[in-house]
Amino acid sequence: MPDTVCKIVRQYNKDVIPGEDMRKLLEIARDYACVKNAVYQRYGGIRSLQKLYPGYTVQNEMTKSGLRESLGLPSVYFYMAVFDAVRELKAYWTTVRFQVLKRVNAHEGLGEEEKHFLRYLLKVNNAFDAALNGTEQKLPKEIQARYDSLASQVDVKKLESYLCRQVRKQTRKLHVEKVEGFSMTERAYRYGDHGIYIAVKQKRKRIFIPLTDGNQYTRQLYIRLFPERGAVEIRAPIDVKVKPHPDRDREIGLSMGMRVMLVTDEGHLYGEGYGQLQSRLSDWLREQTSRYHRNRQANPGRKKYQDQKHRMEEQLHSYINQELNRFFQEERPKRVCLPKLPKGGCSGPVKRIDHIATTWQRGYIRSRLRQKCREQAVEFVEVFGKDISNVCSRCGAFGRKQEGRFYCPVCGYEADQKVNAAQNAKKRGVSQALAPAGNVTLPQAE
């Protein structure tokens with residue numbers, strides 16, 4: 001268990017920010033977005049992959065481009081925008097490789113040697129770059145020997161062509177569509193007088209924003225602007241010490257659902273209103289999408305749609321966090337066991353139900369549960385989810401589910417199907433925590 005965990009804390013302005021000061025902040029935000037878009041445009045393609053690692057080439061070339069001088073943007077913001085864009089490009093290419101890797105693993109027409117070769121190309125930066133650009137492979141000696149060994153067993157041109165096609169399917173152009181704020185290093189601000197002084201484009205000039213708290217940070221900050229109400233939100237990442245709670249000694253198994261957010265192995269429910277909020281969001285999205293497609297020729301705007309969608313998602317996320325906090329306060333767990341569920345499959349026969357499943361926030365629930373476990377020194381165990389709701393938590397035999405209940409034909413056990421799944425999660429989590437790494441034994445069905 002780590003000694004510290006990173007949290008995002010927020011600060012807010014105490015008074016309404018004057019229009020002139022907000023205009024200066026918006027000017028920085030627009031220029032910041034302009035610099036990021038310039039980096040995306042110049043270095044977002046496959047021919048610039050080599051320049052992204054470690055990224056100093058991009059910094060030097062952007063310095064020579066003259067963009068900073070033409071915008072009149074202070075260097076503290078200009079280079080922050082460049083590094084921000086490079087970081088996002090790296091994350092983007094990591095996502096592309098991961099998606100291609102999934103396609104490679106699922107391709108039944110490829111042999112094991114061919115899959116091994118493609119995995120190697122996806123793993124080694126120089127090999128990946130050379131395959132996409134059709135250039136000669138120039139690798140370090142020990143890596144080159146491994147590449148030659150793998151290449152001798154496959155049709156290299158055929159596999160490189162396949163890799164290029166798969167990458168093209170996953171690629172897209174990054175672009176900052178909406179100007180919301182900017183990041184700043186410690187050189188761009190200073191705290192004082194129960195507020196914060198932020199550097200602007202005018203030399204040796206700073207604007208002062210009174211804050212609602214007196215906290216001071218020496219980190220990279222992100223400032224989000226709300227010009228319509230003259231407000232800002234300052235986000236600061238901080239390392240918080242994890243404090244173990246000696247009175248927490250319970251093992252809790254959980255089952256996640258679309259109607260009730262979480263069910264424990266003892267039958268306690270958390271997030272009983274989750275299904276209603278989720279259905280409301282899903283139905284609204286279906287209605288708006290249908291309306292948009294009917295009126296596409298009229299070119300309806302999407303700003304109101306995006307704003308309303310954001311508000312509804314934030315309301316749902318707020319409810320999720322509220323219920324998770326209640327879970328930790330009431331259950332006081334030492335270890336939390338949650339099944340790892342497969343990704344959503346094909347469409348079902350009922351479009352509304354399928355749309356609700358598509359917009360299910362299970363990834364957000366899982367990530368917030370994991371984060372709160374870290375913050376409270378609670379062990380988070382993800383267990384193997386196959387057949388977790390189909391086997392009896394008492395004897396391990398396969399049973400049947402009917403109208404939300406689980407029935408075991410062998411031992412006669414009967415329970416709510418979510419409770420039964422949570423009990424199985426607890427059993428698997430305890431055995432997984434006690435077993436040596438890589439030697440987990442799952443309960444066998446009789």
Side-chain angles (χ1 to χ4, degrees), residues 6 28-101 120-144 146-147 163-164 167 170-176 179-190 198-201 203 217-223 235-237 239:
C6 183
I28 295 172
R30 293 192 191 99
D31 290 348
Y32 194 93
C34 180
V35 174
K36 290 183 68 174
N37 285 333
V39 175
Y40 295 151
Q41 183 68 27
R42 293 184 62 173
Y43 305 100
I46 59 174
R47 298 191 182 280
S48 300
L49 281 171
Q50 287 285 351
K51 296 180 179 180
L52 296 179
Y53 303 93
Y56 297 117
T57 303
V58 177
Q59 175 189 342
N60 295 335
E61 291 184 3
M62 289 300 297
T63 301
K64 296 175 183 177
S65 68
L67 180 60
R68 186 177 79 83
E69 289 76 11
S70 64
L71 293 174
L73 189 65
S75 59
V76 288
Y77 296 122
F78 179 80
Y79 291 114
M80 192 71 250
V82 172
F83 295 144
D84 224 359
V86 170
R87 176 182 55 81
E88 289 172 8
L89 282 172
K90 289 179 180 179
Y92 159 73
W93 278 110
T94 299
T95 302
V96 169
R97 292 192 200 194
F98 178 71
Q99 295 298 329
V100 173
L101 178 61
Y120 188 80
L121 293 182
L122 289 166
K123 182 179 179 181
V124 180
N125 289 333
N126 291 347
F128 181 68
D129 171 58
L132 293 184
N133 289 294
T135 57
E136 182 183 355
Q137 294 283 357
K138 295 182 179 179
L139 306 171
K141 188 175 180 180
E142 61 279 3
I143 299 179
Q144 185 70 50
R146 180 60 176 161
Y147 171 83
L163 180 66
C164 290
V167 168
Q170 300 297 328
T171 52
R172 59 183 176 85
K173 288 288 185 181
L174 296 185
H175 188 78
V176 179
V179 176
E180 293 185 330
F182 54 90
S183 298
M184 53 186 183
T185 62
E186 192 179 352
R187 292 174 53 202
Y189 68 88
R190 70 174 177 85
I198 300 176
V200 293
K201 292 178 69 173
K203 289 186 177 180
Y217 305 104
T218 56
R219 299 291 185 92
Q220 176 182 313
L221 305 180
Y222 178 80
I223 179 166
R235 301 175 186 173
D239 293 325

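Computed from a predicted model, the values in this text were never measured in an experiment. Just so it is clear, the values below take in all heavy atoms, side chains as well, and ignore hydrogens, waters and symmetry mates.
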**Request:** Would you mind reporting whether Leu67 and Phe78 have side-chain heavy atoms less than 4.5 Å apart?
**Result:** yes
**Request:** Quick one: closest heavy-atom pair of Cys6 and Pro237, and the distance?
**Result:** SG-CB, 3.9 Å
**Item:** Qualifying residues under ring-ring contact (aromatic ring centres under 6.0 Å, His included), relative to Tyr79, sequence neighbours excluded
**Value:** none
**Complete:** Closest non-hydrogen contact found for Val179 with Arg30 is CG1-N, 3.8 Å
**Prompt:** About how many Å separate OG1 of Thr171 and CD1 of Ile46, when rounded to the nearest 0.5 Å?
**Reply:** 8.5 Å
**Item:** Least distance between heavy atoms, Ser48 atom then Arg42 atom
**Value:** OG-O, 3.2 Å
**Complete:** To the nearest 0.5 Å, atom OH of Tyr222 lies from atom CD of Glu180 at 5.5 Å
**Asked** What pairs of residues pass the ring-ring contact (aromatic ring centres under 6.0 Å, His included) test when at least one of them lies in residues 43-62, not counting sequence neighbours?
**Response** none
**Message:** Return the CG to CD distance between Leu52 and Glu88, rounded to the nearest 0.5 Å.
**Reply:** 12.5 Å
**Message:** Does Arg187 have more than 12 heavy atoms from other residues, nucleotides or ligands lying within 6.0 Å of its CZ?
**Reply:** no
**Message:** Tell me which pairs pass side-chain hydrogen bond (donor to acceptor under 3.5 Å, both in side chains) where either residue lies in residues 124-134, with sequence neighbours left out.
**Reply:** Gln50-Asn126, Gln50-Asp129, Arg97-Asn125, Asp129-Asn133
**Complete:** Taken to the nearest 0.5 Å, the spacing of Ser183 OG from Arg219 CZ works out to 14.5 Å
**Request:** Heavy atoms only: give me the nearest Trp93-Gly44 pair and the separation to one decimal.
**Result:** CZ2-O, 3.8 Å
**Prompt:** Among all residues two or more places apart in sequence or in another chain, which pass the side chain to side chain contact (heavy atoms under 4.5 Å, CB included) test with Ile143?
**Reply:** Tyr120, Val124, Leu139, Pro140
**Message:** For Gln41, is the CD atom crowded, meaning more than 12 foreign heavy atoms sit under 6.0 Å from it?
**Reply:** no
**Message:** Quick check: do Leu163 and Leu122 have side-chain heavy atoms less than 4.5 Å from each other?
**Reply:** yes
**ring-ring contact (aromatic ring centres under 6.0 Å, His included) involving Tyr32 - partner list, sequence neighbours excluded** = none
**Request:** Hey, could you give me the CG/CG distance between Leu49 and Leu89, rounded to the nearest 0.5 Å?
**Result:** 9.5 Å
**Message:** Give me the atom names and distance for the closest heavy-atom approach of Met80 to Met184.
**Reply:** CG-N, 4.4 Å
**Request:** Just jot down the ring-ring contact (aromatic ring centres under 6.0 Å, His included) partners of Tyr189, sequence neighbours excluded, or say none.
**Result:** Tyr191
**Asked** If we only count heavy atoms from C-beta on, is the Glu61 to Val82 side-chain gap below 4.5 Å?
**Response** no
**Prompt:** Which heavy atom of Cys164 sits nearest a heavy atom of Ala131, and at what distance?
**Reply:** SG-O, 3.7 Å
**Prompt:** Heavy-atom distance under 4.5 Å between the side chains of Tyr147 and Leu121, does that happen here?
**Reply:** yes
**Gap between atom NE2 of His175 and atom OH of Tyr40 - 0.5 Å precision** = 10.0 Å
**Message:** Can you confirm whether Lys201 is buried at NZ, in the sense that more than 12 heavy atoms of other residues, nucleotides or ligands lie under 6.0 Å from that atom?
**Reply:** yes
